[in-house]
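Single-structure report; data block below.
Sequence lines set the chain letters: A, B, ... in the order given, protein chains first and strands last, and positions in each chain run from 1.
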Protein chains: 2
Amino acid sequence: MNKRKMQAKQTKKRIIDCARELFVENGYYKVTVEDIIKKANSSKGGFYTHFKTKEELIIHMVPMVDEAYAEFSKSNKEYEDTIDKISSFINYVFVIMEKDIGLEFISAIYSSQIRDLTSQSFLIESDRMFYHVFNDLIEEGQRKGEITKDLSVKEIISIITTCIRGVIYDWCLQKGSFDIVSYGNNLISMMLNQIKLQK
Amino acid sequence: MNKRKMQAKQTKKRIIDCARELFVENGYYKVTVEDIIKKANSSKGGFYTHFKTKEELIIHMVPMVDEAYAEFSKSNKEYEDTIDKISSFINYVFVIMEKDIGLEFISAIYSSQIRDLTSQSFLIESDRMFYHVFNDLIEEGQRKGEITKDLSVKEIISIITTCIRGVIYDWCLQKGSFDIVSYGNNLISMMLNQIKLQK
DNA sequence: ATTTTATACAGACCGCGGTCTGTAAAATAC
DNA sequence: GTATTTTACAGACCGCGGTCTGTATAAAAT
């Protein structure tokens with residue numbers, strides 16, 4: 001990596017860091033791109049070489065989530081039963097939403113992801129880790145005869161993610177007025193009942 | 001109603017009608033407020049006395065949905081079983097989404113509803129008819145012993161609406177690349193299995 | 001070493017959503 | 001009938017997200 005690219009990388013990092021501080025302090029929509037570049041000693045040109053839109057910045061606000069998922073799934077040995085493992089993982093997802101990301105960021109993310117037909121759907125992409133974790137768990141469950149084989153792994157994953165997104169969307173819609181963790185766990189456990197096999 | 005208010009009402013209607021035409025023709029985000037007021041022979045001032053934001057216009061694009069719901073629920077006599085009635089109603093909701101409202105409008109609506117913490121949540125309000133229909137059906141189901149009493153009517157309604165919104169949100173996220181009607185029906189029927197009682 | 005090309009960035013500029021101020025005419029007060 | 005208040009609307013204006021053009025300097029080519 002040469003001098004040019006190193007400096008560019010630093011600038012990008014500086015912008016992200018400054019943006020994070022400002023967002024946390026004032027909220028996403030109150031912070032302007034102007035504010036960010038001023039704080040980061042950059043310019044419009046600089047900003048838009050690194051980011052296509054202001055919204056793209058949000059993605060970089062939550063870079064650790066994937067790692068957190070991976071980490072958690074590795075250490076998710078508390079339960080023997082696969083369904084319990086899945087529940088525990090999903091519980092963790094909701095906890096992250098509430099504690100680490102927070103209502104405002106999630107709202108901004110979920111809103112921007114569907115704004116129009118051209119909006120980049122990083123949510124789908126970023127679900128890769130998500131998918132991996134689920135994929136492994138569900139395959140395991142089917143192998144051990146704890147999860148129905150009437151549905152394919154893919155089908156089960158998409159049903160679960162749809163429900164999770166439904167819970168998160170509702171949480172945003174109601175402005176966080178209910179406990180996402182307990183509500184989410186309840187709803188998901190009902191869904192999981194439908195794919196669970198009795199031993 | 002006096003002359004003043006009649007004219008105001010006409011202006012508002014003219015704006016809504018022109019907006020609808022332009023939206024259908026070019027898509028919500030390509031149409032500017034300027035375009036709308038020009039076509040409607042109005043002005044910025046006129047527009048913003050009738051609507052708080054451009055997004056508020058979207059609400060008026062789908063004014064018939066509530067009526068359609070009410071209408072449908074009245075004539076929803078095809079099935080004896082309450083669960084079947086509920087399924088049939090929810091199927092109808094998805095059909096309306098796909099056929100009458102369409103992906104782009106729904107995306108814009110769902111996006112705008114959670115943009116920030118101040119955004120007006122007409123989705124919740126407009127669910128009133130929705131709630132009424134469900135309320136009656138679920139009460140009926142519990143009375144007839146077809147639906148569990150382990151959960152309150154309110155709890156059941158919120159679970160179902162969360163799932164419906166999850167399906168719709170996912171449909172927007174995937175840019176309509178799956179059949180919302182059949183996918184939605186499947187997912188909802190799984191959920192309904194959990195509240196159904198065997199006779 | 002010199003020329004050519006590429007790129008990170010600066011900053012003027014634009015378009016559009018939304019605000020603010022002014023005004024004509026209708027409604028109301030007297 | 002005259003004076004006062006209200007309001008639907010007009011249109012100039014503003015702020016912010018995003019684009020476009022220009023430039024200095026590093027990298028590549030010769």
Next item on the list: Measure from CG on A:N2 to C1' on C:dT7 and round the result to the nearest Å.
Entry: 10 Å

Next item on the list: Rounded off to whole Å, could you give me the CZ-to-C1' distance for the B:F51 and D:dA8 pair?
Entry: 13 Å

Notebook entry, point to check: Whole Å only: how far is the CE atom of A:M6 from the P atom of D:dA26?
Noted result: 13 Å

Next item on the list: Would you indicate which nucleotide in C:dA10, C:dA26, C:dA8 comes nearest to any side-chain atom of A:A8?
Entry: C:dA8

Note to self: Please determine whether the number of non-hydrogen atoms from other residues, nucleotides or ligands lying under 6.0 Å from atom CD of B:E139 exceeds 12.
What the structure shows: yes

Item checked: Atom pair distance, as rounded to whole Å: CG in A:N41 and P in C:dC9 -> 12 Å

Note to self: What is the separation between atom NE2 on B:H50 and atom C1' on D:dC9, rounded to the nearest whole Å?
What the structure shows: 8 Å

Notebook entry, point to check: Which parts of nucleotides 12-24 of chain D does protein reach within less than 4.0 Å, heavy atoms only, written one letter per nucleotide 5' to 3' as B for base, S for sugar-phosphate only and - for none?
Noted result: B---SBBB-----

Checklist line | Sole candidate of A:F134, A:Y79, A:F94 that passes ring pair (Phe, Tyr, Trp, His ring centres under 6.0 Å) when paired with A:F89 | finding: A:F134

Note to self: Here's one to test your reading of the geometry: is the NZ or CZ of A:R115 within 45 degrees of the ring axis of B:Y29 and under 6.0 Å from its centre?
What the structure shows: yes

Notebook entry, point to check: Counting distance only, does the side-chain N/O of A:N135 pair as donor-acceptor with the main-chain N or O of A:Y131 below 3.5 Å?
Noted result: no

Next item on the list: Return the 5'-most residue of the pair A:T11, B:K3 with respect to DNA chain C, ranking by each residue's nearest nucleotide.
Entry: A:T11

Note to self: Under a 3.5 Å distance rule, please check whether A:E155 uses its side chain to pair with a backbone N or O of A:L151 as donor and acceptor.
What the structure shows: no

Margin query: Does C:dT7 have its OP1 or OP2 closer than 4.0 Å to a side-chain nitrogen or oxygen of A:T49?
Written below: no

Next item on the list: Before accepting this row, confirm whether a basic side-chain N of the pair B:K85/B:E78 lies closer than 4.0 Å to the acidic partner's carboxylate O.
Entry: no

Next item on the list: Treat each ILVMFWY residue as a node, draw an edge where side-chain heavy atoms are under 4.5 Å apart, and state whether B:L117 and A:I109 are in one component.
Entry: yes

Checklist line | Rounded distance in Å - CZ (B:R14) to P (D:dA8) | finding: 14 Å

Note to self: Without decimals, in angstroms, what is the distance between B:K5 NZ and C:dA25 C1'?
What the structure shows: 16 Å

Notebook entry, point to check: If you measure from the Lys or Arg side-chain nitrogens to the Asp or Glu carboxylate oxygens, is any gap between A:D17 and A:R20 under 4.0 Å?
Noted result: yes

Check: Can a cation-pi geometry be assigned to B:K12 and B:F51, taking NZ or CZ under 6.0 Å from the six-membered ring centre and within 45° of the ring axis?
Finding: yes

Identify each atom pair where a protein N or O and an N or O of nucleotides 2-4 of chain D are less than 3.5 Å apart, giving names and distance.
none

Next item on the list: Can you tell me the distance, in whole Å, between the NZ atom of A:K9 and the C1' atom of C:dC9?
Entry: 19 Å

